[in-house]
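Report on the structure given below.
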Amino acid sequence: LISRKKGREMTILFHRVNKIGDNVVAIRAIYAIKALFPSANLIVATNNIGANLYANLPFIDTLLNVEANPNAICAIPNIDFFIITHRITANIALAKATNAKQIIIRAHLSTLHSPRFINDYNFTTKSRPESDNLLRLVRLIDKRAFDRGIKSVDFSGAKLRFAKQNSDFVKAFLAQM
């Protein structure tokens, strides 16, 4: 997909900084972004856990470990869409500090009147699987393109690809429990 204004590829930043389960659940949404917008530059910003889990996913163009480099997000040029998957104040402040043209988030009081924010006003998120809630955020990039293409997305490629380091990481993490 080409950005409407500059004739360049669209840049989509997907922010997911959570524990193992939350990062695994996000894979479908990340995959859907690349499947629906294949020419988009897909950047995933995550923590150490996500960086280890996502390291071998071929549909992610750039993987940023924000735990290792907290200011990396603010240095990304020309972000067309910044998807925040966890609407806490710190993430909202981070998004506001970027040059992102549009910031997609579940509606929050502090984002309702800002023209940069595209809010998901569905408040029944607890009754649906989190993977579906994340796909709702992806839909806000371009509703028409999403609705036209989502049924034909083959999600069989939306799975972890384990390297030995991933297996070792998961085993070490689970051993701590």
Check ion pair Arg106-Asp120 (N to O, under 4.0 angstrom): no
Salt-bridge present (Asp61, Lys34; N to O < 4.0 Å):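 Salt bridge present between Asp61 and Lys34.
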Distance-minimising heavy-atom pair for [X] and [Y]:
X      : Y      : value
Ile105 : Leu137 : C-CD2, 3.9 Å
Phe59  : Gly157 : CE2-O, 3.5 Å
Ile92  : Ser110 : CD1-OG, 3.7 Å
Leu160 : Leu57  : CA-CD2, 4.1 Å
Ala145 : Leu36  : O-CD2, 4.2 Å
Lys143 : Leu140 : CE-CD2, 3.5 Å

Are side-chain heavy atoms of [X] and [Y] found at a separation under 4.5 Å?
X      : Y      : answer
Thr85  : Val17  : no
Tyr54  : Ile30  : yes
Phe155 : Ile150 : yes
Asn122 : Arg136 : yes
Asn47  : Asn23  : yes
Phe81  : Val138 : no
Val66  : Ile73  : yes
Asp147 : Arg144 : no

Which distance, rounded to the nearest 0.5 Å, do you find between the [atom1] of [X] and the [atom2] of [Y]?
X      : Y      : atom1 : atom2 : result
Leu135 : Arg128 : CG    : CZ    : 10.5 Å
Leu94  : Cys74  : CG    : SG    : 5.5 Å
Leu42  : Ile60  : CG    : CD1   : 6.5 Å
Ile83  : Ile43  : CD1   : CD1   : 12.0 Å
Ser131 : Asp22  : OG    : CG    : 11.5 Å
Asn119 : Ile104 : CG    : CD1   : 10.0 Å

Tell me if a side-chain donor or acceptor on [X] pairs with a main-chain N or O of [Y] at a distance below 3.5 Å.
X      : Y      : answer
Ser114 : Thr111 : no
Arg16  : Gly50  : no
Tyr31  : Lys159 : no
Glu67  : Asn48  : yes

Under 3.5 Å side-chain donor-acceptor pair for Thr11 and Asn78: no
ILVMFWY network linking Val25 to Ile88, side-chain heavy atoms under 4.5 angstrom: no
Side chain to side chain donor-acceptor pair (under 3.5 Å) contacts in which one or both residues fall within residues 87-98, not counting sequence neighbours: none
Given Leu53, Asn52, Thr46, the one that forms side-chain contact (heavy atoms from CB on, under 4.5 Å) with Ile49: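 Testing each of Leu53, Asn52, Thr46 against Ile49, the sole residue satisfying side-chain contact (heavy atoms from CB on, under 4.5 Å) is Leu53.
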